[in-house]
There are 2 protein chains.
Amino acid sequence: MADVAREAGVSQQTVSRVANGLSNVNEDTRVRVQAAMAKLGFRPNFAGRSLRSGQYNSVGLCLYDVREFGNLATVDGILSAAREHGYAITMIENVDDNLSLKDVSHKITELPVDGMIISMSLMASDFDSFKPQPGMGTVLLSMYEHPCCTTVESDQYGCSWTVVEYLKNAGHRNIRFVAGPSYSIDSNFRQKGWEDALVHFGLPVVQPLAGNWLADSGYEIGCKLSADTEMTAIYSANDQMALGIIAALQDRGIRVPEDVSVVGVDDSLEGYIPHCNLTTIRFDLLKRGRTAFEHALLGRKPGYTPEIVRIPGRLIVRDTVRNLH
Amino acid sequence: MADVAREAGVSQQTVSRVANGLSNVNEDTRVRVQAAMAKLGFRPNFAGRSLRSGQYNSVGLCLYDVREFGNLATVDGILSAAREHGYAITMIENVDDNLSLKDVSHKITELPVDGMIISMSLMASDFDSFKPQPGMGTVLLSMYEHPCCTTVESDQYGCSWTVVEYLKNAGHRNIRFVAGPSYSIDSNFRQKGWEDALVHFGLPVVQPLAGNWLADSGYEIGCKLSADTEMTAIYSANDQMALGIIAALQDRGIRVPEDVSVVGVDDSLEGYIPHCNLTTIRFDLLKRGRTAFEHALLGRKPGYTPEIVRIPGRLIVRDTVRNLH
DNA sequence: TTGTAGGCGTTATCAC
DNA sequence: GTGATAACGCCTACAA
C-alpha cells in the first residue's frame, strides 16, 4: 500500500479510501490511485485488515468424515450461505478418534475464523462439559442436545416416526428395522424412533439386525429376513442396504412390494440406478448446511441463545410399499 | 497476550516464547506463564501472527461444483495433505458460469492463503492468457495444459486407452462409446481417448450416443444400442450410465457379458448396489487432491517450474467383460 | 478533499 | 534468561 501511495503521489490513507470505495476522494485522485494499484498489482493484505477490524469473514469447519453421506451436500449448503454473506469457509480435517470437542475447538480458534461448525460422528468424550470459546458462534452438527451450543441436524429420530406411521396407515403391523453399525449415532436415533413409534401405535417390536451401511450387508440381512413369514414391511436405516435387501428377497422369490414392502432413508440412489423406485426419506441437506452457517454467524452476538434445530425429512413415495387395505 | 504478560508478571516477549515453545525460557517462568495462559484462556491471534510472518498456512480452494464425482474425494485428499503440513483449507463457492480465472484468482488472493487450487469445470474464457498472482502457488485441476500453472487431473484421456486395449486383447473389435453431456470436459477427453485408441488399433469408429451421466439416460441409450448387432462391447463414460445400459440390454434379452460386454468409469458404485460386478476404471482421487496441494505449496518457491500431472486410472476387472478368445 | 498519528497482536533483533 | 523496541499493513480518529 505504501508503494501504491508513493507511485500515485498520495498518502496511504487516500489509497485505503480508494481501496474501500469511500466517496470522499477526488475523481482525479481516484483514477490516479487506481492506475497505480493496477500497475503494481496491489491486493489488500488480509492480515492487516483483520488485525485492524478484528474480523476474518470466515467460518471454521471441522467434519469428522467428509465422505459420509450428507456431509457433502451440507458443505455445499454452508458454502452457498457463506458466499451470500461474503464469507469464506476455513476447513480442517479431524482424523483423531479420541479428540475432544475442546481440542477441536482450540485448533479451529487458531485459524482466521469468526465462528465454527463442528461435526463429530462419534460421541465426544467431553460433549456435555464442553464450553465454546466466548465470542465464537459455535454450532454442532449433532442429534444430541447441548447446553451451550446450537445443534443442527437432520431429524434422524422423527424420520422413523414418519415411516412407521406411513406403513401403519397402509395396513402394516409387522415392521422390521435393519440398523447400521452400532457406533453410528444416526442409526441409533433412527432405531429409537422406529421403536418408540411401534410402541406408540401398539405394534410388535422385533430385535433388529444390523449391517454396515453397504448394499452387500443388506443382501446378507435380506437372506436372513426372508425366513420371517410374519413381516410385511422392512424399514432399512439407509437406501444402499435397502437395495441389497430387495435383491435378496427377490432372489428368494419374495416379491417387492407384493409380498414385502421396503422403505429406505437418504434418497441417495437417484441417478445411480436405473428406474429407482425405492420409497425413502429425503433430508434437506442444503438447509442443514445453510442453517448451521447462519447460526455460526448469529452466535457471535451477545444476546444469542442456543437453539436446537431439527430439520425434518420428507417421505418420497415410490413403488416399494404396498397398501394392504 | 499483554494480559497474560501482566498476569504472569513477565514481558510480552516471554509469553511469545512460551507460546511458541522456544527453549530459552526458565522452567519456573514457563510454568507461571502457562498457568496465566490457561487462566485467561489465551489463544494466539491469527492476524497478528500472519502480519508478522507474511504467511497464512492455508491454501485457497475454489471448486466449480463440490457435488461433482471426484471432487469429494479430492477435497479429502487436499485436507489430509494440508493437515500433514499444518495447513488449513480456505474454500469459496463459485456459482458464476462466466467467471474468468482472473476473477476467481483475485477473489482467492484476498483470503488468508499462501497458494490456491482452482477447478473450473467449464473452460474459462481467459484460460490461456491467465497469469497467476506472483508468489502464489497456483494449481489448476484441469485436463487442459497451461503455460504458467501446474495442472493436475486424473488421466481422462489415458483411461480410455486402457479400456480399449483391454477389450481389444479380449478379442473385441466393435466397441461403442457412450458419452456424457457435450459440455463435460471429462467426457470429451474420454471420448477422444477412445477414438484415438480405436484408430490406433485399426478398429471401427461409430459415432457415439450421449447421455446426461445418470442411470436412466444410460437405460434409454441401452435401448437404442440394443438394435446394433455388430457391437460386442460398450464403453460407458461413467458407471451410472453403464448400469442403465446393462439393465436395458437385459430387459431386451441381451445377456451381459455373454452377448455384450460393458465397461464403465469411476468405480462409483461399490457399496451402492449389491454384488457390484461392473468392470471399470478407478482413479486415485485422494492422490489427485494430495498432489494438487503439494504443488500449491511448492509453487511459492522462486525456482519452481510448472508441471503437468496426469494421475493414471487403474482397470478394475470384474464380471461384465467376456473374453472372446 | 487530503494528510498525520496511533494502535490492532505478534515476533525478530538487540541490549541487558 | 529476559526485556525493550520496532515493524508487519491496515484503518479510525482527528487535524489541516
Side-chain angles (χ1 to χ4, degrees), chain A residues 1-37 40-58 86 106 108-114 133-136 300, chain B residues 1-37 40-58 86 88 106 109-114 133-136 300:
Chain A
M1 185 173 259
D3 298 339
V4 176
R6 210 173 307 114
E7 173 76 24
V10 297
S11 73
Q12 282 201 34
Q13 191 41 235
T14 301
V15 177
S16 170
R17 284 192 259 257
V18 173
N20 293 312
L22 301 190
S23 57
N24 54 341
V25 178
N26 192 309
E27 198 49 36
D28 299 349
T29 318
R30 181 186 303 277
V31 171
R32 214 165 63 247
V33 170
Q34 281 169 339
M37 282 175 161
L40 300 178
F42 171 79
R43 304 267 99 204
N45 178 287
F46 180 91
R49 210 169 242 201
S50 297
L51 187 55
R52 197 79 218 351
S53 69
Q55 280 218 142
Y56 295 111
N57 290 310
S58 186
H106 274 190
I108 300 180
T109 307
E110 292 181 5
L111 301 174
V113 297
D114 304 327
Q133 296 282 325
M136 275 272 196
R300 309 189 64 194
Chain B
M1 185 174 259
D3 297 339
V4 177
R6 209 172 309 115
E7 173 77 24
V10 297
S11 72
Q12 281 200 34
Q13 192 45 234
T14 301
V15 177
S16 171
R17 284 190 260 259
V18 172
N20 293 308
L22 301 188
S23 56
N24 54 342
V25 179
N26 192 308
E27 198 49 37
D28 299 348
T29 317
R30 180 185 305 277
V31 170
R32 214 166 61 249
V33 170
Q34 282 169 338
M37 282 175 162
L40 300 177
F42 170 79
R43 305 267 98 205
N45 178 287
F46 179 90
R49 222 170 227 199
S50 297
L51 188 57
R52 253 331 294 200
S53 68
Q55 281 218 141
Y56 294 110
N57 291 312
S58 184
H106 274 189
T109 307
E110 292 180 6
L111 301 173
V113 298
D114 303 327
Q133 297 280 326
M136 275 274 195
R300 307 189 65 194

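Just so it is clear: chains get the letters A, B, ... in the order the sequence lines come, proteins before strands, and each one is counted from 1. No experiment lies behind these values; they were computed from the predicted model shown.
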Nearest-Å distance, [atom1] ([X]) to [atom2] ([N])?
X	N	atom1	atom2	result
A:L22	C:dG3	CG	P	14 Å
B:Q12	C:dG9	CD	C1'	7 Å
A:N20	D:dC10	CG	C1'	9 Å
B:F46	C:dC8	CZ	P	20 Å
B:N57	C:dT10	CG	P	15 Å
B:R30	D:dT2	CZ	C1'	13 Å
B:Q55	D:dC8	CD	P	17 Å
B:E110	D:dC10	CD	P	11 Å

(request) Apply side-chain contact (heavy atoms from CB on, under 4.5 Å) to A:H106 and A:Q133, showing your working. (result) CA-CA 8 Å; A:H106 274 190; A:Q133 296 282 325; 3.0 Å; yes
(message) Let's see if you can work this out: which of D:dC8, D:dG3, C:dT11 has an atom nearest to the side-chain heavy atoms of B:S11?
(response)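 Out of D:dC8, D:dG3, C:dT11, the nucleotide with an atom closest to B:S11's side chain is D:dG3.
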(request) Between D:dG3, C:dG3, D:dG9, spot the one nearest the side chain of A:R17, thanks. (result)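 The listed nucleotide nearest to A:R17's side chain is C:dG3.
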With sugar-phosphate meaning primed atoms plus P, OP1 and OP2, does [X] contact a base, only sugar-phosphate, or nothing at under 4.0 Å between heavy atoms?
X	answer
A:N24	base
B:N26	sugar-phosphate
B:T29	sugar-phosphate

(message) If only side-chain N and O atoms count, and only distance matters, is there a donor-acceptor pair under 3.5 Å linking A:N57 with A:R49?
(response)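 Judged by distance alone, the side chains do not pair up.
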(message) Side chains of A:R32 and A:N26: any donor to acceptor distance under 3.5 Å?
(response)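 Not at all, the side chains of A:N26 and A:R32 share no donor-acceptor pair under 3.5 Å.
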(request) Quick one: list whatever passes side chain to side chain donor-acceptor pair (under 3.5 Å) with A:T14, sequence neighbours left out. (result)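 For A:T14, the residues satisfying side chain to side chain donor-acceptor pair (under 3.5 Å) (neighbours in sequence not counted) are A:S11.
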Tell me whether the side-chain N or O atoms of [X] pair up with the base of [N] as donor and acceptor below 3.5 Å, since no angle test is needed here.
X	N	answer
B:R52	C:dA12	no
B:R49	C:dT10	no
A:Q13	D:dT12	yes

Using only side-chain N and O atoms of [X], determine if any of them is under 4.0 Å from OP1 or OP2 of [N].
X	N	value
A:T14	C:dG3	yes
A:N45	D:dC8	no
A:S16	D:dC11	yes

(message) Angle between the end axes of the helix from C:dT1-D:dA16 to C:dC16-D:dG1, five pairs per end, to the nearest 10 degrees?
(response)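 It comes to 40° between the two terminal axes.
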(message) Exactly one of A:N45, A:L40, A:V15 should register a side chain to side chain contact (heavy atoms under 4.5 Å, CB included) with A:M1. Which one does?
(response)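 Only match with A:M1 under side chain to side chain contact (heavy atoms under 4.5 Å, CB included): A:V15.
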(message) To the nearest 0.5 Å, what is the distance between CZ on B:F42 and CE on B:M37?
(response)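 The CZ atom of B:F42 sits 5.0 Å away from the CE atom of B:M37.
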(request) Using modelled atom types only, decide if a donor and an acceptor are shared between the side chain of B:Y56 and the backbone of A:A47 within a distance under 3.5 Å. (result)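 Indeed, once roles are kept as given, a pair shorter than 3.5 Å links the two residues.
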(message) With a 3.5 Å distance limit and no angle check, can you tell me whether B:S50 reaches the backbone of B:Q55 through a side-chain donor-acceptor pair?
(response)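 Yes, the answer is positive, given that a donor and an acceptor are paired below the 3.5 Å cut-off.
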